[in-house]
Amino acid sequence: MSRTIVVGAAQLGPIARAEDRGRVVARMIDLLDRAAKRGCRLVVYPELALTTFFPRWFMEDQTEIDAFFETAMPNEATGPLFERARALGVAISFGYAEKVVENGRLRRFNTSILTDETGAVVHRYRKIHLPGHVEHEPWRAFQHLEKRYFEPGEEVFRPADALGGKIGLAICNDRRWPETYREHALRGAEMVLIGYNTPVHYPLAPEHDHLQCFHNHLSLQAGAYQNGMWVVGVAKAGCEEGCDLIGQSCIVAPTGEIVAQASTLGDELVTHDCDLDRCTEIRANIFDFAKHRRPEMYPLLSSTGV
Ligand code: ING
């Protein structure tokens, strides 16, 4: 019996700053309904899927900032999405800005969750690699203040047992770091779900703007192939509040092949039958870690390092 999961990558087009969560959730439910009709058991949405990508603006009023955060999940706005997912028996994964009190301290994270088919949250991940800057840098066409609005995640990359396999979560900039995939793979991950909001323009190196889509797929495909795992990359895409975000949401096989890809910059669903057992083609051969990997020769990269 193959462990095939029909996966839906549910790309979202732009979300306006003023767009209320109810409207966004309705768009997510529409994609969920379409995915269920195609037999999907898992639907993956982008990073910060409920609001516009607010780190593009410098804000000092904490009340204004906190309007973009969720203090519980599910909550009133996302309840209908969880309800529909449960009714359809479809697992969902999406990113959101999390505001939480932990050990008496107020914390804010760029977070992603995964539910099972009953709508129960079975995995939560807080973004480890926060790109951007802390202070207002007016020279930029737009800001990228993730380091100002979020704290870095403090839980390591670790897959959850879900959907009959081992499913990991990562967020946006994480996908550019090879450690994201290798750490997951060494812990047995067979699929990693990665939402992203990626502007075409990168103020620090505008000469690379034309390479954003190439770097996106390069990172996702290398991560998949070099670790023998499925990778699902899902964009918030399009011109959002004047900022062009790349699309190209895709599902990548353990061989590194893109097996499904979005071709618009709007709300779009692409699906694929992902056989988790196909990871073995890579993990029992070219990247059989036990047989071929030499951690003692990578001291700076491995726990055996000094
Ligand atoms: N966004 C971008 C990303 O890593 C970025 C930041 C854009 C980095 C372009 C490098 C080049 O895809 C988020 N949200 O991390």
Side-chain angles (χ1 to χ4, degrees), residues 9 11-15 17 24 44-59 65 68-70 93-98 108-113 125-135 137 139-153 157 168-181 192-224 231-250 252 258 261-262 265:
Q11 175 177 289
L12 287 174
I15 298 178
R17 179 171 187 157
V24 177
V44 186
Y45 297 100
E47 167 193 33
L48 295 176
L50 302 176
T51 67
T52 197
F53 187 75
F54 63 90
R56 70 167 63 92
W57 294 298
F58 177 71
M59 295 175 275
I65 297 164
F68 293 101
F69 283 76
E70 315 299 326
S93 177
F94 64 89
Y96 63 93
E98 178 190 16
R108 293 181 180 83
F109 299 102
N110 185 341
T111 297
S112 177
I113 54 161
Y125 165 74
R126 291 159 168 173
K127 188 172 183 179
I128 287 170
H129 298 101
L130 292 174
H133 48 106
V134 176
E135 299 307 330
E137 296 184 7
W139 60 272
R140 293 170 178 256
F142 46 83
Q143 306 297 298
H144 198 114
L145 290 161
E146 290 192 59
K147 290 186 191 294
R148 182 183 182 86
Y149 299 136
F150 303 118
E151 294 178 58
F157 295 115
L169 297 174
I171 301 175
C172 203
N173 197 260
D174 289 328
R175 78 190 186 285
R176 300 175 188 278
W177 298 83
E179 294 88 350
T180 300
Y181 305 94
V192 176
L193 316 178
I194 313 178
Y196 57 89
N197 286 236
T198 300
V200 171
H201 176 54
Y202 184 62
L204 292 172
E207 66 277 19
H208 294 169
D209 288 4
H210 68 290
L211 297 173
Q212 292 311 338
C213 287
F214 165 61
H215 287 159
N216 177 42
H217 281 172
L218 177 67
S219 303
L220 296 170
Q221 290 180 265
V231 172
V232 183
V234 186
K236 167 93 78 50
C239 184
E240 185 176 84
E241 295 291 339
C243 180
D244 287 315
L245 302 173
I246 68 169
Q248 285 208 333
S249 302
C250 62
V252 186
I258 292 176
Q261 180 177 332
L265 293 175

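Hydrogens, waters and symmetry mates are skipped; everything else that's a heavy atom, side chains included, is used. Every number for a ligand or one of its atoms is a count from 1 in the order of the listing.
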Lys/Arg N to Asp/Glu carboxylate O, Arg56 vs Glu241, below 4.0 Å:
no
Examine ligand 1 and decide if any of its atoms is less than 4.0 Å from a heavy atom belonging to Tyr202.
yes
If you count the non-hydrogen atoms of other residues, nucleotides and ligands that lie under 6.0 Å from CH2 in Trp57, is the total more than 12?
yes
Between the side chains of His133 and Glu135, does any donor sit under 3.5 Å from an acceptor?
no
Pro131 neighbourhood, listing ligand 1 atoms whose heavy-atom distance to it stays under 4.0 Å:
13 (C), 15 (O)
Tell me: protein heavy atom nearest atom 1 (N) of ligand 1, and distance?
Asn197 O, 3.0 Å
At less than 4.0 angstrom from any non-hydrogen atom of Glu47, what atoms of ligand 1 do you find?
14 (N)
Element-labelled atoms of ligand 1 that are located less than 4.0 Å from some non-hydrogen atom of Phe53:
14 (N)
Pair Phe157 + Tyr125: ring centers closer than 6.0 Å
yes
In this structure, does ligand 1 have an atom that sits under 4.0 Å from one of the heavy atoms of Lys127?
yes
Counting from 1, what ligand 1 atoms have a heavy atom of Arg175 closer than 4.0 Å?
3 (C), 12 (O)
What are the atoms of ligand 1, with element, lying closer than 4.0 Å to any heavy atom of Glu146?
13 (C), 14 (N), 15 (O)
Please confirm whether Phe214 and His208 have ring centers closer than 6.0 angstrom.
no
Cys172 heavy atoms within 4.0 Å reach ligand 1 at atoms 1 (N), 2 (C), 3 (C), 12 (O), 13 (C), 14 (N), 15 (O)
Best match, His208, Arg176, Gln212, Lys236: closest heavy atom to atom 5 (C) of ligand 1:
Arg176
Of Asp174, Asn110, Asn173, which is the lone residue that meets side-chain hydrogen bond (donor to acceptor under 3.5 Å, both in side chains) with His129?
Asp174
Looking only at protein heavy atoms, which one is nearest to atom 6 (C) of ligand 1, and what is the separation?
His144 CE1, 3.7 Å
Among protein heavy atoms, which lies nearest atom 12 (O) of ligand 1, and at what distance?
Thr198 OG1, 2.7 Å
Shortest non-hydrogen contact from Lys236 toward Ile15:
CE-CD1, 3.5 Å
Could you check, using the six-membered ring where one of them is a Trp, whether Phe150 and Phe54 have ring centers closer than 6.0 angstrom?
yes
Here the atoms of ligand 1 under 4.0 Å from any heavy atom belonging to Asn173 are 3 (C), 4 (O), 8 (C), 15 (O)
Please report the C-alpha distance between Asn216 and Thr198 in whole Å, then the side-chain angles of each, then the deciding distance to 0.1 Å, and finally whether the side-chain contact (heavy atoms from CB on, under 4.5 Å) criterion is met.
CA-CA 9 Å; Asn216 177 42; Thr198 300; 5.7 Å; no
